[in-house]
Amino acid sequence: MSEDLVATHVLEFPGGYTRTTGPVIGRFLTELRDRRLVGVRTAGGRVLVPPLEYDPDTGEPVTEEYVEVGPAGTVQAWAWVGSPRPGHPLDRPFAWAMIKLDGADTALVHAVDAGSPKALRPGLRVRPRWRAATAGHITDIECFLPEVASLVAPVRAEYRVTPGRALTRFLEGVRDGRFVGARCAECAAVYVPYRESCPACGSVVEEEVEVADTGTVTTFAINNLPDPRAPEVPFVSAYVLLDGADTPMIALIGGVPAHEVRQGMRVRAVWVPPEERTLSMTNVKWFEPTGEPDADLDESSGGGA
Ligand SMILES: [Zn+2]
């Protein structure tokens, strides 16, 4: 995985929110302050970490059941950062890694202070290093460190290949100014970002579909504390349900005062110029209002799932 590729996850990482109108991320951050990691259980029984308001697989609201996870976990995939930039969590080479905490069904992205890329492998066991003072922010965890003296967890083979490929396919589309989704032949659900298997029915998803770069804000958060990965404060992060998709994606909202952002607002992607694009979500500067009348959220869901 390239650095750009993983940076996408980081941009979308809900833990990056410093304040939210929704209770789910708020609970996650409050628990972080107390040095606990929690996920939220979906109606289907899976544990999402970081927690989301909606099950990304079904679009259904999650339950109100929070589950303590970790604090240790397993590295699934990573990108080595040989030259950290200002705003990165560590000032020495490190890895951005997808870490599945014990008890979680999804991975979060955080820094792993591994010393050398040679120290990384799928299944590597890691533990968080907490900051001395916590503030209810994802950076309360300075980074994760390899567990030195513990048993190596067995590696499940599918982790080695599947997480990267579907995301790469999605990012190739984003580089070309398109949002590529995948339609399940069995249940017709359209997933954006693209994915290779249908979490709803288990089918292999092979049909690629392009969805619009317009959509509707379903939920949003106004962030009042600076974040190196986002525009100046206050900035708005939101779930945007792209037209033609059945699951929302996380995005930044721009070109509008934060207090004017609302549920149902129609938005369009603002793309960076083609010559500046990379294989990453930074190709989308943000979403800005289209000026259309607000959508009825009940009717705007794509209809497949
Ligand atoms: Zn399906």
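Atoms within each ligand, like the ligands themselves, are counted from 1 in listed order.
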**Message:** Tell me every residue that passes side chain to side chain contact (heavy atoms under 4.5 Å, CB included) with V205, counting only those two or more places apart in sequence or in another chain.
**Reply:** A182, C184, C198
**Prompt:** Between R262 and V217, is a side chain to side chain contact (heavy atoms under 4.5 Å, CB included) present by the stated rule, with each step listed?
**Reply:** CA-CA 7 Å; R262 56 199 179 273; V217 171; over 6 Å; no
**Prompt:** Between Y239 and Y54, what is the ring plane arrangement, given parallel below 30°, perpendicular above 60°, and tilted in between?
**Reply:** perpendicular
**Request:** Check the side chains of E65 and T63 for a donor-acceptor pair under 3.5 angstrom, ignoring hydrogens and angles.
**Result:**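 On atom types as modelled, these side chains do not qualify, holding no pair under 3.5 Å.
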**Prompt:** Without hydrogens or angle criteria, can the side chains of R125 and T74 be said to hold a donor-acceptor pair below 3.5 Å?
**Reply:** yes
**Item:** Salt-bridge present (E172, R169; N to O < 4.0 Å)
**Value:** yes
**Prompt:** If waters are left out, how many protein N/O/S atoms lie within less than 2.8 Å of the Zn ion (ligand 1)?
**Reply:** 4
